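Treat the numbers as computed from the prediction; the structure is a model and nothing was measured.
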Amino acid sequence: MTSASQFGSQVRSIRKSRKLKIWQVAEKAGVEVKHLGRIERGERQPSFELIIALAKCLNVSPSKFFDFGSPDDPKTLRKNIDQFLLTLDGKQLGRVVQILQTLF
């Protein structure tokens with residue numbers, strides 16, 4: 001996953017956690033809906049000014065968009081776990097199962 005797509009995922013996750021539609025945030029930030037959609041998908045990188053505008057619209061610090069280590073969205077978390085598990089071999093997957101069974 002690229003930095004741009006991680007950034008976009010964070011924007012989308014925060015927007016959805018605030019129960020805002022993409023058009024609402026785009027309107028408040030002064031950007032086209034299509035452009036914001038491209039940013040959320042990691043296809044485009046926002047300007048510094050747009051990052052600040054999005055942070056104001058979503059009432060978060062701009063640094064929150066760069067907090068790639070802690071996804072707010074369960075779908076994003078599941079996707080990250082799935083991607084990680086795809087990199088493991090059979091023996092490693094067995095260990096993961098043992099650890100998870102011990103924890104849960």
Quiz prompt | F7: ring-ring contact (aromatic ring centres under 6.0 Å, His included) partners, not counting sequence neighbours | solution =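 F7: ring-ring contact (aromatic ring centres under 6.0 Å, His included) contacts with F65, F66.
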Practice problem: Only counting residues at least two apart or in another chain, list the ones meeting side-chain hydrogen bond (donor to acceptor under 3.5 Å, both in side chains) with S63. | Solution: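 Once residues adjacent in sequence are excluded, the partners of S63 under the side-chain hydrogen bond (donor to acceptor under 3.5 Å, both in side chains) criterion are S61.
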Practice problem: Taking side-chain hydrogen bond (donor to acceptor under 3.5 Å, both in side chains) as the test, write out the residues that go with T2, two or more places apart. | Solution: S5
Quiz item: For Q10, does its backbone N or O pair with a side-chain atom of S13 as donor and acceptor, under 3.5 Å?
Solution: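 Side chain of S13 to backbone of Q10, a donor-acceptor pair under 3.5 Å: no, none is there.
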Quiz prompt | Flag, side chain of Q45 to backbone of I39, donor-acceptor distance under 3.5 Å | solution = no
Quiz item: Would you say the side chain of L54 lies within less than 4.5 Å of the side chain of V60, judging by non-hydrogen atoms?
Solution: no
Self-check item: For I81, all residues meeting side chain to side chain contact (heavy atoms under 4.5 Å, CB included), sequence neighbours excluded
Solution: L77, L85
Self-check item: Which residues share a side chain to side chain contact (heavy atoms under 4.5 Å, CB included) with T102, sequence neighbours left out
Solution: none
Atom pairs and distances, donor-acceptor, side-chain atoms in residues 21-29, under 3.5 Å, two or more places apart:
from	atom 1	to	atom 2	distance (Å)
Q24	OE1	K21	N	2.6

Quiz item: Does anything in residues 38-47 pair up under salt bridge (charged side-chain N to carboxylate O under 4.0 Å, His left out), and if so which pairs, sequence neighbours excluded?
Solution: R12-E40, R15-E40, R41-E43
Exercise. Write out all pairs satisfying salt bridge (charged side-chain N to carboxylate O under 4.0 Å, His left out) with one or both partners inside residues 82-104, taking only residues at least two apart or from two chains.
Key: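 The answer is none; no pair qualifies.
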Exercise. Considering only Ile, Leu, Val, Met, Phe, Trp and Tyr, and joining two whenever side-chain heavy atoms are under 4.5 Å apart, list the other residues clustered with I52.
Key: F48
Self-check item: Side-chain cluster (under 4.5 Å, hydrophobic types only) that L86 belongs to, other residues
Solution: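 Besides L86, the hydrophobic cluster comprises nothing; the residue is isolated.
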Self-check item: Exercise: identify the closest heavy-atom pair between R18 and L58
Solution: NE-O, 3.0 Å
Quiz item: At what distance, to the nearest 0.5 angstrom, does CD of Q6 lie from OG of S3?
Solution: 5.5 Å
Quiz item: Going by the ring-ring contact (aromatic ring centres under 6.0 Å, His included) test, which pairs reach into residues 85-104, not counting sequence neighbours?
Solution: none
